[in-house]
Amino acid sequence: MSKKIWTSIVIIIILLIPLVGYQFWYVPNYTGDDYYTYIGNSYKEIIEKDDSGNDYREYDYKQNGYDKNGSEKLLKFDSALGRPIKPHNYLKVTYNNKHQQVMSWEKVPKDQVPRKSLEQILK
């Protein structure tokens, strides 16, 4: 084979390495499926002490979420804000099946919640 063909093959392999790494390492470990839930006053407040003896609070949530098809999943997550999540809000929660944990959550308006999810939430 000519030198141009070998150079092209090497360049293609080098360009494919990040794509393959993204697909086989990043996607399974850091992304997930979206579920929607409604936040009421459903948190559990946990008060602990840090190394200095100061109190700090965590607000843990354990509630059902629904994907865009209306399938249910029990979601466990915390507010990560140092205060409870404001009640009467809809959240979009990203759940990673490999690690079986919530990766992130964000507040969304009611009109952005898929219809089937909203139907399940309002039951």
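A pairwise comparison of heavy atoms in Lys49 and Asp55 identifies NZ-OD1, 2.7 Å as the closest pair. Nearest heavy-atom pair across Pro87 and Gly40 is CB-O, 3.5 Å. Shortest non-hydrogen contact noted between Lys116 and Lys68 is CB-O, 3.5 Å. Of all heavy-atom pairs spanning Pro28 and Gln23, the tightest one is CD-O, 3.4 Å.
The main-chain N or O of Gly70 is found under 3.5 Å from a side-chain atom of Asp67 such that the two form a donor-acceptor pair. Not a single donor-acceptor pair under 3.5 Å links the side chain of Thr94 to the backbone N or O of Met103. A distance-only check finds no donor-acceptor pair linking the side chain of Asn69 to the backbone of Ser71 [under 3.5 Å]. Remark: side-chain polar atoms of Asn89 are paired, donor with acceptor, to backbone N or O of Lys86 under 3.5 angstrom.
The aromatic rings of Phe77 and Trp105 sit tilted, their planes meeting at an angle between 30° and 60°. Between Tyr35 and Tyr95, the two ring planes are perpendicular [angle over 60°; tilted spans 30° to 60°].
Side chain to side chain, Asn64 and Lys73 fail the donor-acceptor criterion of an N or O pair below 3.5 Å. For the residue pair Asn29/Asn96, the side-chain donor-acceptor check at 3.5 Å is not satisfied.
Ion pair Asp60/Lys44 not flagged as a salt bridge, since none of the NZ, NE, NH1 or NH2 atoms sits closer than 4.0 Å to an Asp/Glu carboxylate oxygen. Between Glu119 and Arg115 there is a salt bridge, since at least one side-chain N of the basic residue sits less than 4.0 Å from a carboxylate O of the acidic one.
Interatomic distance, Thr37 OG1 to Gln120 CD, rounded to the nearest 0.5 Å: 12.0 Å. The OH atom of Tyr43 sits 14.0 Å away from atom CD of Glu58, with the distance rounded to the nearest 0.5 Å. Here the CG atom belonging to Asp78 is positioned 15.5 Å from the CZ atom belonging to Arg57, to the nearest 0.5 angstrom. Atom OH of Tyr61 is separated from atom OG of Ser79 by 5.5 Å, given to the nearest 0.5 angstrom. If you take CD1 on Ile9 and CD1 on Ile13, they are separated by 7.0 Å, rounding to the nearest 0.5 Å. A distance of 12.5 Å separates OH of Tyr36 from CG of Leu75, quoted to the nearest 0.5 Å.
Under the 4.5 Å side-chain heavy-atom criterion for ILVMFWY residues, no single connected hydrophobic cluster contains both Val10 and Ile5. Under the 4.5 Å side-chain contact rule for hydrophobic residues, Tyr59 and Ile39 share a cluster.
Inter-residue side-chain proximity for Val108 and Val113 is flagged as met; some heavy-atom pair is nearer than 4.5 Å. Between Lys62 and Leu74, some side-chain heavy-atom pair lies under the 4.5 Å cut-off. Taking 4.5 Å as the limit, some side-chain heavy atom of Ile12 sits within range of a side-chain heavy atom of Leu16. Side-chain contact between Tyr38 and His88 is present, with at least one heavy-atom pair separated by less than 4.5 Å.
Crowding of Lys107 atom NZ: a count of heavy atoms from other residues, nucleotides or ligands under 6.0 Å not exceeding 12.
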